[in-house]
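Within every chain, numbering begins at 1; the chains are lettered A, B, ... in the order of the sequence lines, protein sequences first and strands thereafter.
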Number of protein chains: 2
Amino acid sequence: MKGGKRHATLSDVARSADVGTTTVSRVINGGAKVSPKTLARVRSAITELGFIPNHAARTLRGEQTKIIGLIVPSIADSFFSSCADAIQEVARRHGTLVILTVTNNDPASENATISTLVRRTDGLLLVPTSSHSLELRNQLRDISIPVICFDRPMYDIQIPTVITQNFEGARAATRHLLEHGFRRILCLGGESELFTMNERVRGYTAAMKEANARPLIDMRSTACDYEGTSNAIVKHLKGAKPPQAIFCLKNSTTISTYSILQKMKISIPSQVALVGFDDFELASTLRPSITVVQQPVEELGHTAARLLFQRLALAKGMPINDKEKIKPIQLKTRLILRASCGCREVEEPQSISASGH
Amino acid sequence: MKGGKRHATLSDVARSADVGTTTVSRVINGGAKVSPKTLARVRSAITELGFIPNHAARTLRGEQTKIIGLIVPSIADSFFSSCADAIQEVARRHGTLVILTVTNNDPASENATISTLVRRTDGLLLVPTSSHSLELRNQLRDISIPVICFDRPMYDIQIPTVITQNFEGARAATRHLLEHGFRRILCLGGESELFTMNERVRGYTAAMKEANARPLIDMRSTACDYEGTSNAIVKHLKGAKPPQAIFCLKNSTTISTYSILQKMKISIPSQVALVGFDDFELASTLRPSITVVQQPVEELGHTAARLLFQRLALAKGMPINDKEKIKPIQLKTRLILRASCGCREVEEPQSISASGH
DNA sequence: TTTGTTTCTGGTAACGATTCCATTTTGGTT
DNA sequence: AACCAAAATGGAATCGTTACCAGAAACAAA
């Protein structure tokens with residue numbers, strides 16, 4: 001009998017328990033006083049009829065939707081899917097659902113998504129496609145629900161934001177390579193229009209300048225795929241003064257670079273050392289293992305979500321005080337030392353007989 | 001002026017255009033006849049007031065919510081996040097939003113999630129935690145909205161389902177190893193309570209029996225993590241007749257196994273060959289590259305979503321005819337031959353000078 | 001002009017929960 | 001028994017939309 005009987009309504013319960021709808025509402029939402037006798041009667045009527053409040057009706061009355069919107073560039077990307085996981089968990093603890101949308105870094109799609117979501121959610125968690133976009137800024141300014149930005153900030157607008165220390169992470173990674181004695185370090189990959197990439201480049205450059213080494217940056221926003229990376233590497237390695245180390249600005253570049261160097265039979269780290277930004281599952285499994293800057297992905301998601309729910313709780317009472325300067329929360333990154341930077345010996349695998357116990 | 005002015009309502013528009021609410025509604029939803037004159041007047045009033053229909057009110061009136069629910073075991077898992085990506089894309093094309101929920105393979109969480117979602121979405125895309133659960137089956141039977149299962153089916157209940165050819169894929173992989181001359185093939189990893197894993201074991205076993213080889217299966221549902229896998233491999237390799245090849249039932253087992261064999265300095269494939277179920281980004285990058293059974297992930301998501309929207313379109317008109325036997329759609333898997341099975345020479349990387357052009 | 005069709009249009013009752021406000025009940029005090 | 005404050009309860013309006021149904025307007029034919 002699929003889709004047959006309609007759900008019980010609040011007035012069904014009221015009739016069944018012989019009370020007014022007001023009383024039932026009070027029982028459901030707690031708070032107001034209800035005599036123990038009626039309470040019990042209503043409770044049993046509710047369970048008997050299997051009553052579940054209709055959310056649309058509640059929302060219509062001006063209540064919260066108990067839904068938040070999550071807007072990310074991509075969900076297939078493990079960075080964002082891990083964030084989504086953390087966010088979803090926090091939301092569930094708050095009895096709230098998460099609508100997932102992806103923009104593919106397309107501003108038009110982002111704009112449309114935000115418009116749709118504003119009317120249908122209590123708040124938004126957003127990874128902005130562009131930190132500068134005037135259009136996006138205006139859209140966010142006029143928005144009637146709380147918005148939190150994460151991973152990338154928005155300029156010239158006061159929005160609570162959580163990001164990671166891209167600058168510091170990249171600087172630490174570069175410093176580390178410099179400490180190994182490398183002077184010619186190539187900074188490779190990454191879309192030049194993205195905030196995170198620029199911050200990492202800034203960190204790289206800062207470290208190089210500190211050491212009086214000449215920065216060598218090759219960002220190719222159009223072709224930072226495998227092919228583009230391959231061409232870039234070949235070009236640089238064929239030069240008169242080939243790089244002794246490569247600092248990859250993003251995950252996929254790290255993977256491509258690794259794969260390309262292996263194919264070219266260039267030994268890592270003895271011929272070319274390698275450090276990547278952003279950790280990934282196999283970075284420790286590959287031989288040589290890859291040194292990376294690790295971002296606190298779960299914490300990023302948790303913090304952003306917590307911030308949103310904090311605002312949501314506040315919003316119930318008074319309007320938010322937006323006058324106070326909002327400083328982005330910056331989460332610490334961590335340099336994970338493995339073999340590709342030259343820190344560890346290339347791992348000597350243990351033999352089979354030695355491994356038993 | 002955050003959250004200041006309230007949104008314009010349909011009756012605001014009606015007043016402004018000096019028509020009845022019914023007419024405005026007709027303009028918005030199209031269909032019925034409206035004279036060109038009034039049409040223009042209403043249209044301009046709509047744009048002028050920036051009117052956007054209130055979704056809660058529509059839903060309350062019994063319209064669709066334009067939201068579907070997606071229930072997966074985990075979103076950090078690249079398999080499911082790729083599915084989610086595909087689903088989200090189809091949904092967007094249908095002007096529908098996707099609520100993402102994760103169960104962590106926990107039946108209680110699944111149960112609660114479904115209950116919540118039923119009242120708030122038009123339909124559900126579900127990866128069931130258990131194919132057998134009587135409780136889940138009953139819950140699904142009483143549900144008032146269309147449900148599609150994917151990746152794992154439900155037994156003894158007619159629900160449209162999309163799965164991949166786990167059996168055939170595993171059999172093909174095993175046959176391939178047998179063709180290489182390996183007789184002692186270990187089938188490793190995977191949770192024994194999951195449908196997909198059992199199907200793969202069935203495929204493996206079928207191939208082994210065909211070839212009169214003795215199946216050797218080691219599923220350890222409690223400990224199929226790195227540690228458990230490591231212990232298992234050591235145990236098997238120390239035996240009198242160590243396996244010549246390993247068929248890994250799932251992604252994470254493949255990765256662990258690969259890493260462990262490398263650590264043990266056991267050469268792949270010359271000492272132990274390796275084939276995994278489910279492809280992953282780095283499988284082709286690792287040296288040796290890993291032969292895997294590839295599942296059509298995007299197609300799985302697309303197909304499931306399309307099936308749901310098909311039902312949704314149908315549901316508008318007549319009740320669904322559930323009498324017809326519903327056969328699960330099975331999507332083809334593909335065996336990707338790489339080096340770890342012994343097919344290719346271990347790749348001779350090209351030298352740097354040879355690579356330019 | 002009258003009549004009979006179409007074609008448009010608007011009033012109003014739902015949908016299901018919340019909440020103000022008024023009313024009833026309770027219980028404690030003189 | 002009489003009174004009053006406090007506690008408990010219910011009626012009915014409200015949120016914004018859709019759809020039934022009836023009524024008005026337009027137009028054609030007689």
Side-chain angles (χ1 to χ4, degrees), chain A residues 3 5-43 45-46 49-67 95 116 118-120 122 144 316, chain B residues 3 5-43 45-46 49-67 116 118-122 144-145 316-317:
Chain A
K5 47 188 167 249
R6 239 181 7 282
H7 291 280
T9 73
L10 183 138
S11 30
D12 291 337
V13 176
R15 204 172 315 120
S16 159
D18 196 32
V19 294
T21 59
T22 313
T23 306
V24 179
S25 177
R26 275 194 274 257
V27 170
I28 295 163
N29 300 314
K33 303 269 170 186
V34 176
S35 79
K37 241 191 325 186
T38 29
L39 184 76
R41 207 141 38 90
V42 173
R43 281 249 174 83
I46 287 176
L49 297 178
F51 167 74
I52 301 176
N54 180 314
H55 236 280
R58 278 185 163 172
T59 303
L60 183 57
R61 268 307 307 239
E63 303 301 300
Q64 297 190 328
T65 63
K66 289 289 185 183
I67 302 179
T116 315
V118 170
R119 303 292 306 264
R120 309 187 59 180
D122 296 336
S144 52
K316 275 186 181 170
Chain B
K5 46 187 168 251
R6 244 191 351 289
H7 291 278
T9 73
L10 183 138
S11 29
D12 289 338
V13 175
R15 204 172 315 119
S16 161
D18 196 32
V19 294
T21 58
T22 311
T23 306
V24 180
S25 178
R26 275 194 275 255
V27 170
I28 296 163
N29 300 313
K33 302 268 170 187
V34 175
S35 78
K37 244 192 318 186
T38 30
L39 183 76
R41 211 140 35 93
V42 173
R43 282 249 174 85
I46 287 176
L49 296 178
F51 167 75
I52 303 176
N54 180 313
H55 236 280
R58 280 185 163 171
T59 303
L60 182 57
R61 268 307 313 236
E63 301 301 301
Q64 295 191 331
T65 63
K66 288 291 186 181
I67 302 180
T116 314
V118 169
R119 304 292 307 264
R120 310 186 58 181
T121 59
D122 295 336
S144 52
I145 55 174
K316 276 186 181 170

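- Crowding of B/R119 atom CZ: a count of heavy atoms from other residues, nucleotides or ligands under 6.0 Å exceeding 12.
- Within a 6.0 Å radius of CG in B/D18, no more than 12 heavy atoms belonging to other residues, nucleotides or ligands are found.
- Within 6.0 Å of atom CZ in B/R41, more than 12 heavy atoms from other residues, nucleotides or ligands are found, so the atom counts as buried in its surroundings.
- Side-chain N or O atoms of B/R26 include none that pairs as donor or acceptor with a backbone N or O of B/V34 at under 3.5 Å.
- In this structure, A/I67 and B/R120 approach most closely via the heavy-atom pair CG1-NH2, 3.2 Å.
- Of the residues in residues 52-59 of chain B, not one places a heavy atom less than 4.0 Å from an atom of DNA chain C.
- Closest approach of B/A45 and B/V13 over heavy atoms only: CB-CG1, 4.0 Å.
- Residues B/D122 and B/I145 fail the side-chain proximity criterion, which asks for heavy atoms closer than 4.5 Å.
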Can you list the steps and then say if A/H55 with B/T59 is a side-chain contact (heavy atoms from CB on, under 4.5 Å)? CA-CA 9 Å; A/H55 236 280; B/T59 303; over 6 Å; no

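- Contact check for A/V118 versus A/S144: side-chain heavy atoms found under the 4.5 Å cut-off.
- Summarising the geometry, the separation between CD1 on B/I46 and P on D/dT17 is reported as 10 Å, rounded to the nearest angstrom.
- For B/T9 against B/F51, the heavy-atom pair with the smallest separation is C-CE1, 3.4 Å.
- Residue A/T9 is classed as a sugar-phosphate contact, given heavy-atom separations below 4.0 Å to backbone atoms only.
- Between A/K66 atom NZ and C/dA17 atom C1' the separation is 16 Å, expressed in whole Å.
- Taken over five-pair windows at either terminus, the axes of the helix from C/dT1-D/dA30 to C/dT30-D/dA1 are inclined to one another by 50° (rounded to 10 degrees).
- B/K66 places none of its side-chain heavy atoms less than 4.5 Å from the side chain of B/R58.
- A residue-by-residue look at B/K37 and B/S25 shows that B/S25 has its nearest nucleotide of DNA chain D further toward the 5' end.
- As a whole-Å value, the separation of A/D12 CG from C/dG16 C1' is 10 Å.
- The distance between atom CD1 of B/I28 and atom P of D/dG16, rounded to the nearest whole Å, is 13 Å.
- In this structure, B/L60 places its CG atom 9 Å from C1' of D/dC15, rounding to the nearest Å.
- In this structure, CZ of B/R120 is placed 16 Å from P of C/dG16, rounded to the nearest angstrom.
- As a whole-Å value, the separation of B/E63 CD from C/dA14 C1' is 13 Å.
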Treating primed atoms plus P, OP1 and OP2 as sugar-phosphate and everything else as base, which nucleotides of nucleotides 5-11 of chain C get B, S or - for protein heavy atoms under 4.0 Å? ---SBBB

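- The CG-P distance, from B/L10 to D/dG16, rounds to 10 Å in whole Å.
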